[in-house]
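The structure appears right after this line, and notes come after that.
When a residue number appears, it is its place in the shown sequence, counting from 1.
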Amino acid sequence: MNILARIWTFYRDGFRNMTWGKPLWILVIAKLIFLFLVLRLFFFKPTLSGKTEAEKSEIVGTNLTNTDNF
């Protein structure tokens, strides 16, 4: 049996026999969904949407050369 198949069966059997691991994985996945979907909707709004290419390049150039942020 090659090494990849042995690794696959090791992890497959390990996940099948978990008792506390399954609820913890569900919790981790729920937190990731919350972080990447919900927080992005409310806190990380796209600032460049609806702008022309010239406006986008001007905004990006201004933000890159602005030293007030540091």
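- The shortest distance between side-chain heavy atoms of Asn63 and Ile59 falls below 4.5 Å.
- By the side-chain contact (heavy atoms from CB on, under 4.5 Å) test, Glu58 is found to be paired with Thr62, residues two or more places apart in sequence or in another chain being considered.
- Hydrophobic clustering of Ile, Leu, Val, Met, Phe, Trp and Tyr side chains at less than 4.5 Å, counting indirect connections, keeps Ile26 apart from Phe15.
- Separating the CE atom in Met18 from the CG atom in Asp13 is a distance of 11.5 Å, to the nearest 0.5 Å.
- By the rule that hydrophobic residues join a cluster once side-chain heavy atoms approach within less than 4.5 Å of another member, Leu32 and Leu24 end up as members of separate clusters.
- Nearest heavy-atom pair across Lys22 and Arg16 is NZ-O, 3.7 Å.
- Taking all atoms of both residues into account, the shortest heavy-atom contact from Lys56 to Lys51 is CE-O, 3.4 Å.
- A continuous path of ILVMFWY side-chain contacts below 4.5 Å connects Phe36 to Val28, so both sit in one hydrophobic cluster.
- Phe10 is connected to Trp25 through a chain of hydrophobic side-chain contacts under 4.5 Å among Ile, Leu, Val, Met, Phe, Trp and Tyr, so both are in one cluster.
- Following chains of ILVMFWY side-chain contacts shorter than 4.5 Å, one can reach Leu48 starting from Leu64, so the two form part of one hydrophobic cluster.
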